[in-house]
Amino acid sequence: QVQLVESGGGLVQAGGSLRLSCAASGGTISIYGMGWFRQAPGKEREFVAGIHWRGTTTDYADSVKGRFSISRDNAKNTVYLQMNSLKPEDTAVYYCAAGFLGSEYSYWGRGTQVTVSS
């Protein structure tokens, strides 16, 4: 069973950048589809970005296209979310998730807080 731990969250001003990391243990991310989700206070959990286990195909929520990018380093067993041009509405707890061989996401990290100030 794979465990996921997010890091890299913090406080940043609007227009700034952050890079989130998701370190996996107990399994190799090379056989998992990986994704990032976020949840803001009073909002439902929202899909942010995903990367296919089989290759480099990626998907993004419309709200982050052109600003965020997901990547993986299989040698380090780590997934990243590079966030640029941050907006206050990006403020949320960001969660890393994994789905075995591209199945529905079933493994989740505990989240990391991202706060974007005006």
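This chain uses plain numbering: 1 for the first residue, then up along the sequence.
- In this structure, Arg72 and His52 approach most closely via the heavy-atom pair NH1-O, 2.6 Å.
- The two atoms that bring Val2 and Ala98 nearest to each other are CG1-CB, 4.5 Å, heavy atoms only.
- Between Leu4 atom CG and Met34 atom CE the span is 5.0 Å, to the nearest 0.5 Å.
- A donor-acceptor contact shorter than 3.5 Å links the side chain of Asn77 to the backbone of Ile29.
- In terms of heavy atoms, Gly16 sits closest to Val12 at CA-CG2, 3.9 Å.
- Closest approach of Ser63 to Glu46, counting heavy atoms only: OG-OE2, 3.4 Å.
- The distance from atom OH of Tyr32 to atom OG of Ser103, rounded to the nearest 0.5 Å, is 8.5 Å.
- Here the side chain of Asp59 pairs no donor or acceptor atom with the backbone of Ile51 at under 3.5 angstrom.
- In this structure a side-chain-to-backbone donor-acceptor pair under 3.5 Å is missing from Ser21 to Ser7.
- Partner of Lys76 under the side chain to side chain contact (heavy atoms under 4.5 Å, CB included) criterion, chosen from Thr78, Val79, Asn74: Thr78.
- Nearest heavy atoms, Ile70 versus Gly50: CG2-O, 3.7 Å.
- Note: the hydrophobic cluster containing Tyr107 also contains Leu101 (ILVMFWY, side chain heavy atoms under 4.5 Å, direct or indirect links).
- No side-chain donor-acceptor contact under 3.5 Å links Arg54 to the backbone of Ile31.
- The main-chain N or O of Gly111 is found under 3.5 Å from a side-chain atom of Glu6 such that the two form a donor-acceptor pair.
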- Task: Begin with the C-alpha distance, continue with both residues' side-chain angles, and end with the deciding distance and a verdict on side-chain contact (heavy atoms from CB on, under 4.5 Å) for Val114 and Leu18.
- Result: CA-CA 9 Å; Val114 172; Leu18 285 173; 3.9 Å; yes
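- Without hydrogens or angle criteria, Thr112 side chain to Gly9 main chain gives a donor-acceptor distance under 3.5 Å.
- With contacts defined as side-chain heavy-atom distances shorter than 4.5 Å, the pair Phe37/Cys96 does not qualify.
- The aromatic ring centres of Phe100 and Trp53 sit 6.0 Å or more apart.
- Taking OG of Ser117 as the reference point, atom CD of Gln13 lies at 5.0 Å (rounded to 0.5 Å).
- There is a side-chain donor-acceptor pair under 3.5 Å between Asn84 and Ser17.
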- Item | Stepwise ring-ring contact (aromatic ring centres under 6.0 Å, His included) test for Phe47 and Trp36 | CA-CA 7 Å; Phe47 171 80; Trp36 288 94; over 10 Å; no
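- Taking the six-membered ring where the residue is Trp, Phe68 and Tyr94 present tilted rings, their angle falling between 30° and 60°.
- Here the CZ-CE distance, from Arg19 to Met83, works out to 11.5 Å after rounding to the nearest 0.5 Å.
- A distance of 12.5 Å separates NZ of Lys87 from OG of Ser118, quoted to the nearest 0.5 Å.
- Among all heavy-atom pairs drawn from Ala92 and Gln113, the shortest one is O-NE2, 3.4 Å.
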- Task: Determine, stepwise, if the pair Lys65 / Asp62 fulfils salt bridge (charged side-chain N to carboxylate O under 4.0 Å, His left out).
- Result: CA-CA 5 Å; Lys65 285 181 179 177; Asp62 288 342; 3.1 Å; yes
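- For the pair Asp73/Tyr80, a side-chain contact is recorded, criterion being any heavy-atom separation below 4.5 Å from C-beta on.
- The structure places CD of Glu44 at 12.5 Å from CZ of Arg38, a figure rounded to the nearest 0.5 Å.
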